[in-house]
Amino acid sequence: MKTYYDPEDLKKFGKIGEFQKSMADKFFAYYGEVFQEGALTAREKSLIALAVAHAIQCPYCIDAYTVDGMEKGCDEEQMMEAVHVAAAIRAGASLVHSTQMMNKVKEISM
Amino acid sequence: MKSLKAQNHPLSNTQYELQLLESQKTGISFSEKLAECGLYPLLPTQIEILQINLGKMCNQVCKHCHVDAGPDRKEIMAFETMQECLEVIKKHDVGTVDLTGGAPEMNPHFKWFVEKIRQLKPKATIIVRCNLTIILANPKFKDLPEFFRQHQVEVVSSLPYFTAIKTDAQRGEGVFEKSIKALQMLNMVGYGQENSGLMLNLVYNPAGAFLPGSQEGLETEFKKRLKSQYGISFNSLYTITNLPISRFLEYLLRSGNYESYMEKLIEAYNPIAASNVMCRNTISVGWDGYLYDCDFNQMLELKVSCQNSQHIKDWNLEILNNREIVINQHCFGCTAGAGSSCGGATA
């Protein structure tokens, strides 16, 4: 069955330079450096990436950073908490806009 | 759970395992990969480690075990074969004697063997690959920590994770709790404690179809968690990749992960890890005295290639140092990513 998202396509990610090499090279160099050990550990960065992957709902990234998290020793509880952080921020981002609704309601109400 | 052998499982037949590995779809052979970086044929550097398998008998039945060890395995090294091993240890400058199994302590001559090795080589490193739970399996094993201490034995023990759920999923119900108790007992006699000289190293095998992450990162996390939750100290964590043989191969096939796991190993091939593979400085002795390039080749019954020195009683160092190492597709497990060996990452 053909689908827009094919797990096999994730393996082709490294080949996006085929159509525009210099930008792809710069992107992958930057990407590689971002995920190195730094002020944050590679493990912490992996959990952030997993949370962001859920926030932006990228199936490739969810697959990739689930495996990456397992490889880096994260457990299921930690990974699920990271997803809840993403979910909470998404929920909060909606809910905080309710202040605008409340303002408007108050503005036009007697 | 029974061993694959006791189940009469097709994967207990090493010829079947090898056929499966060789027919793997990606079509890239390990020898071609070695040739790309000038390492084929793979040759030894110098034999520094003698790894001796004292038997396949074990009190545990771990789901990833490459030995297919368990209580139903009765193959253990005979006293005469141990004497032949001692002859080799006596004659040659073997820096490290690495005792493995199954549970090596279940061999009835285990303590005698360790005592003899220590008498022959007071300065050699003697390693025992202790599964930890054996210490609590029977009152006769409770003095093992003290025995190890007296003979300055380095203890290397598997602990796939610092929580019960993941550890027990790989090693069996209740293994985590017993492992923690055993580690505390080892700490009590000085193992893993600063300046004690008593080395306690842990082994991390991924509990699933994925590769181990950074050895350094995992060691930091293990040390933090084991110390804060259980007061346990240890020296180093060795990350070891699961090789696609025996029970782990059975898991890969059953779970539909075999092809993708092999692809991952091949994609992650690292030439630096390839140049540092353990078979270049190790000889593995089987429970029946036959010689192999590594413990994995032993389980696949791939004996050393040199016809005139295939058994411990025929040991010839010169011939062994000049042999070609036997390789196959499972070897990709030792060269993926940061590499893998019985002493952890290699690159």
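The figures here come from the full heavy-atom set of this structure, side chains too, leaving out hydrogens, waters and symmetry mates.
- If you measure heavy-atom distances from B:Phe222 to chain A, you find no contacts under 4.5 Å at all.
- Only the backbone of B:Pro212 comes within less than 4.5 Å of a heavy atom in chain A; its side chain stays farther off.
- A donor-acceptor pair is defined here as one N or O able to donate and one able to accept, closer than 3.5 Å; such a pair exists between the side chain of B:Tyr161 and the backbone of A:Asp75.
- In this structure, B:Lys166 pairs ionically with A:Glu76, as a charged nitrogen and a carboxylate oxygen lie closer than 4.0 Å.
- Residue-environment remark: NZ (A:Lys45) exceeds the threshold of 12 foreign heavy atoms within 6.0 Å.
- Neither the backbone nor the side chain of B:Ser260 comes within contact range of chain A; no heavy atoms are under 4.5 Å apart.
- No more than 12 heavy-atom neighbours from other residues, nucleotides or ligands sit within 6.0 angstrom of CE on A:Met23.
- By the 6.0 Å contact criterion, CD on B:Glu173 is open, its count of non-hydrogen atoms from other residues, nucleotides or ligands being 12 or less.
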- What do the steps show when you test B:Thr220 against A:Arg43 for side chain to side chain contact (heavy atoms under 4.5 Å, CB included), and what is the final call? CA-CA 11 Å; B:Thr220 304; A:Arg43 191 169 171 280; over 6 Å; no
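- Residue contact with chain A, scored on non-hydrogen atoms closer than 4.5 Å, involves the side chain of B:Leu218 exclusively.
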- Task: Let me see the working for B:Glu221 and A:Lys72 under salt bridge (charged side-chain N to carboxylate O under 4.0 Å, His left out), right down to the final yes or no.
- Result: CA-CA 10 Å; B:Glu221 197 62 24; A:Lys72 290 189 166 60; over 6 Å; no
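- Here the CE atom belonging to A:Met70 is positioned 4.0 Å from the CZ atom belonging to B:Phe210, to the nearest 0.5 angstrom.
- Atom CD of B:Gln193 has more than 12 neighbouring heavy atoms from other residues, nucleotides or ligands inside a 6.0 Å radius.
- In this structure, A:Glu18 places its CD atom where only 12 or fewer heavy-atom neighbours from other residues, nucleotides or ligands lie under 6.0 Å away.
- Contact tally against chain B (heavy-atom pairs below 4.5 Å) for A:Ala42, A:Cys74, A:Ser46: the top residue is A:Cys74.
- B:Lys223 NZ: more than 12 foreign heavy atoms inside a 6.0 Å radius.
- More than 12 heavy atoms of other residues, nucleotides or ligands sit less than 6.0 Å from atom NZ of A:Lys11.
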